[in-house]
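Encoded as structure tokens, here's the structure I'll be asking about.
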Amino acid sequence: MTQTRPRLLLIDGHSMAYRAFFALPAENFSTTTGQTTNAVYGFTSMLINVLRDERPTHVAVAFDVSRQSFRTEQYPEYKDGRAATPDEFRSQIPLVQQVLGAMNVTWLTLEGYEADDILATLAHQATEAGFDTLICSGDRDALQLVDDDVTVLYPVKGVSELSRMTPEKVQEKYGVPPHRYRDLAALVGEKSDNLPGVPGVGPKTAAKWITTYDGLDGVIAAADQIKGKAGENLRAHLSDVLRNARLNKLVCDLVLPKSAGELLWEGWDAEATAELFDVLEFATLQDRLRSQLSERQVGEFTAVAELPEVVATFRRLETGELAGWLESRDPSEPVGIAVAGEFAKGSGHITGLALSDGEEEVWCDPAAFDPGDESAWLAWLADPGRRKAVHDAKGLLWACAGRSWRVAGIEMDTALAAYLIRPDLRSYALEILVERYLGRELTAASTTADQPALEGIDAAGEDEAALGRRAGAVRDLAGVLAGELASHDVAGLLADMELPVLYVLADMETTGIGADTTHLSSLEAEFAGRAKEAVAAAHAAVDQQFNLRSPKQLQEILFEKLGMPKTKRTKTGYTTDAEALAGLFAKTGHPVLEAILRHRDVEKLKQTVDGLLAAVADDGRIHTTFHQTVAATGRLSSSDPNLQNIPVRTGAGREIRRGFVVTEGFDALMTCDYSQIEMRIMAHLSADEGLISAFHSGEDLHTTVASRVFSVAPEAVDAEQRRKIKAMSYGLAYGLSAYGLSQQLTITPEEARGLMDEYFDRFGGVRDYLRSVVDEARRKGYTETMFGRRRYLPDLSSDNRQRREMAERAALNAPIQGSAADIMKVAMLRVAAGLREAGLTSRILLQVHDELVLEVAPGERDRVEALVRDRMSHAAELAVPLEVSVGFGRDWDTAAH
DNA sequence: CGCCCAACGTA
DNA sequence: CGTACGTTGGGCGC
């Protein structure tokens with residue numbers, strides 16, 4: 001059974017607040033009354049993070065009383081020479097203590113001792129009492145306390161990132177075990193404490209001596225034998241070293257008002273924190289308290305006791321043992337799966353398989369299966385009643401597709417679950433999730449489906465137990481994330497949308513799309529030739545060789561040599577983007593500009609084609625990878641190669657699309673687009689009657705909208721008016737400003753403002769909706785799509801105007817872009833299911849946000865068209881119809897419509 | 001070799 | 001001073 005230990009979090013209040021003080025710019029953190037709050041803010045933010053990530057049962061913070069301590073009595077120069085603590089910092093310490101009061105966190109001081117001594121004493125008591133202890137301190141002296149039960153969280157930069165200093169980590173970083181760290185510090189000295197060490201002796205030398213002579217006592221005893229300048233210095237500074245050793249020893253037997261066992265944390269006082277954060281003007285922190293420390297996590301010992309601990313046993317299953325293991329599992333318990341091998345681009349190969357039911361982790365090698373193992377495994381894998389949890393299950397699906405293994409019953413993908421809970425994380429690596437949600441560390445296996453091997457490294461040497469731990473971690477995470485999904489109201493999105501979509505994507509990737517390499521190669525040659533001509537023309541025009549690809553060299557030529565007028569600034573100089581070059585050409589008519597633009601154009605096309613040719617697999621097809629946890633709005637992304645940004649706007653670009661072709665056994669490619677899906681969603685969400693009726697009018701949307709904005713008959717709308725309205729309509733969904741609109745339409749900001757006013761006069765519902773989106777997001781902390789997909793936007797209450805306004809635009813866009821993404825995902829599921837149920841061979845190849853590309857089998861064309869139109873247009877019921885346009889052709893361009 | 005930047009392709 | 005992505009080459013620093 002799982003056992004658990006209480007967990008004590010100790011924080012050096014002074015040192016962490018001081019770190020925060022220097023990490024956060026004071027000018028961004030002050031209240032309207034002029035109180036600086038950067039240290040309080042940084043400290044509180046750190047505290048919330050650590051409480052969330054570590055889930056301690058017991059918490060205490062220690063402070064220094066003054067600079068006077070028993071150390072200054074023994075050595076009056078101790079900590080001399082330190083710059084005086086700035087008043088701006090000192091005034092914040094009482095505020096930090098008020099925060100701790102409101103959060104019901106015990107804080108302690110003791111006359112004559114430093115905070116570190118208090119922490120050492122509490123850590124000592126905690127270990128005696130069977131606690132795990134975490135010490136959060138920016139003072140390296142704390143490292144001497146590290147052992148199997150005590151971990152130091154040492155701030156790396158600022159206070160937002162903490163490094164877990166375990167015994168192994170201390171050894172790795174300093175070359176000595178933690179109980180020898182004091183010895184090292186004594187030899188090296190500590191400048192900030194005004195404790196000089198042995199001159200010329202740094203951590204490397206000190207570690208070497210300590211290791212060679214078995215500790216400081218040994219080093220001192222052997223001082224006469226140590227050669228060279230360093231040995232000489234050691235002998236000359238022995239008294240300094242001894243003094244350092246005496247002073248850097250932390251006191252661990254103090255008598256304190258509270259003992260470790262009395263530090264139980266029972267959660268914060270909602271009223272008191274709300275009031276205090278109000279005074280401190282910390283708008284975001286109250287939300288973060290609420291959203292990141294859900295009730296379940298608030299220090300309830302019973303809740304923490306439910307946290308899985310690493311107690312599972314590991315066993316290697318020999319040939320013939322898997323069947324028995326699978327059979328004896330409790331079917332109601334989910335099994336965590338982890339696989340090792342190579343996984344990429346729609347295929348995979350499993351070299352190791354680990355399973356965990358929470359009590360036992362087992363490993364086996366599919367290559368060693370006997371017929372009994374094989375049939376038991378296949379039956380288990382395909383049984384939807386056998387509950388499975390996987391992290392990033394696509395790799396497993398790829399490998400299974402290659403061996404025709406059917407997979408069913410995956411009820412949890414921990415990467416997808418974490419994405420639904422927090423869609424804006426940079427990484428959903430298993431290690432990170434385990435740390436975040438289980439508060440434990442996972443030592444990485446080198447080759448797994450969610451962490452593909454580097455080419456050439458096989459998994460033969462894979463640590464079997466490490467893979468077992470991954471399976472165990474996935475299984476444990478599954479339980480915690482299921483709770484989080486429920487509390488974020490997104491459990492349905494995982495079960496009914498993301499997990500089913502995962503299977504469709506895996507199929508699409510395994511299938512790939514046919515490439516006409518002959519066509520692509522001849523295009524490549526043509527683009528290469530034209531690029532070369534452009535280079536020659538550019539060189540001739542300025543009578544000089546230069547690299548046209550280098551913005552830096554371009555700037556030198558244009559602005560220095562030719563003295564052209566300066567363009568808009570970038571971080572590193574002046575922009576040479578296409579728009580700016582076109583502007584310069586209009587002013588100067590210099591032929592080099594035309595050559596550069598031509599080169600840029602054709603070079604981009606060439607690169608795209610190069611990339612595609614390089615991506616053609618042995619089967620003559622291109623297998624992209626779709627990413628399901630990258631875009632914060634819920635969209636998919638595509639890479640290796642990215643098939644969602646293949647050119648389409650120019651003739652030359654469309655030539656590239658002719659390189660994607662229908663293949664043997666199929667009749668045509670078919671493209672199916674949602675027309676104006678984002679505008680339709682805007683109409684639906686805003687319920688604006690004018691916009692809704694525009695969609696029902698049956699006429700061109702932008703013309704209809706323009707006729708109302710300009711108060712003219714639809715027939716009287718000219719091309720220019722339509723263009724402006726189209727730009728604005730789309731811009732609105734992106735949080736476009738009047739200034740931005742004026743830039744895009746090359747009109748004055750006043751004209752743009754007038755245009756927007758007219759627009760909102762006619763379509764007031766849109767304006768009201770856009771306002772309400774931001775208001776609601778600010779209130780709730782997140783936006784929501786039609787299907788309940790959330791995006792958290794803490795920057796909505798940022799003090800930094802740029803960040804805040806960026807978050808506002810993201811808030812405007814996320815429900816619209818995200819709802820479109822949701823609808824498309826539903827459509828994909830319905831189309832895939834429809835094709836399967838009807839027994840059709842036609843298949844989905846690509847998704848490009850609002851477009852699907854299918855490959856249609858002979859004789860299926862009409863049925864597939866009817867099916868796709870139906871399934872796509874009814875993927876969601878909106879206040880306006882969802883229109884789908886369809887086309888067929890031998891290639892992607894011809895199939896466009 | 002890894003990182004950032006500018007530039008540019010798509011929806 | 002319009003959202004969401006991925007890829008590329010140049011340039012810099014390790």
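Here is the naming used below: chain letters follow the sequence lines, and residue numbers restart at 1 for every chain. This structure is a prediction, so every number in the text was calculated from the model and none was measured.
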### Message
Run the salt bridge (Lys or Arg N to Asp or Glu O under 4.0 Å) test on A:Lys606 and A:Glu526 for me, step by step, so that the C-alpha distance in whole Å, both residues' side-chain angles and the decisive distance to 0.1 Å come before the verdict.
### Response
CA-CA 9 Å; A:Lys606 177 181 170 295; A:Glu526 184 194 327; over 6 Å; no

### Nearest-nucleotide 5' precedence on DNA chain C, A:His849 against A:Glu805
A:Glu805

### Task
Could you list where the contact with chain A starts and ends along DNA chain B, reading 5' to 3', using a 4.0 Å heavy-atom cut-off?
B:dC5 to B:dA11

### Query
Would A:Asp893 and A:Arg658 pass as an ion pair if we require N to O under 4.0 Å?
yes

### Task
Compute the ring centroids of A:Tyr730 and A:His702, then answer whether they are less than 6.0 Å apart.
yes

### Message
How many whole angstroms separate atom CG of A:Leu741 from atom C1' of C:dT3?
### Response
15 Å

### Summary
Residues at least two apart in sequence or cross-chain that pass ring-ring contact (aromatic ring centres under 6.0 Å, His included) with A:Phe626, listed by chain then number, are none

### Message
Taking any heavy-atom pair under 4.0 Å as a contact, classify A:Ala632: base, sugar-phosphate, or nothing.
### Response
sugar-phosphate

### Query
Under 4.0 Å between a side-chain N or O of A:Arg635 and OP1 or OP2 of C:dA4?
no

### Contact pattern, 5' to 3', of nucleotides 7-14 of chain C - B, S or - by protein heavy atom under 4.0 Å
SSSSSS--

### Query
So does A:Lys394 pair up with A:Asp392, basic N to acidic O under 4.0 Å?
no

### Query
Between A:Thr510 and A:Arg621, does any side-chain donor sit less than 3.5 Å from a side-chain acceptor?
no

### Query
Does A:Asp757 have any salt bridge (Lys or Arg N to Asp or Glu O under 4.0 Å) partners at least two apart in sequence or in another chain, and if so, which?
A:Arg753

### Task
Kindly state which residues belonging to residues 747-760 of chain A come within less than 4.0 angstrom of DNA chain B, counting heavy atoms of the residue only, listed by number.
none

### Query
Between A:Ser521 and A:Glu524, does any side-chain donor sit less than 3.5 Å from a side-chain acceptor?
no

### Pair A:Glu883, A:Gln676: side-chain N/O donor-acceptor within cut-off below 3.5 Å
no

### Task
Output all residues satisfying ring-ring contact (aromatic ring centres under 6.0 Å, His included) with A:Phe546, sequence neighbours left out; order by chain, then residue number.
A:His539

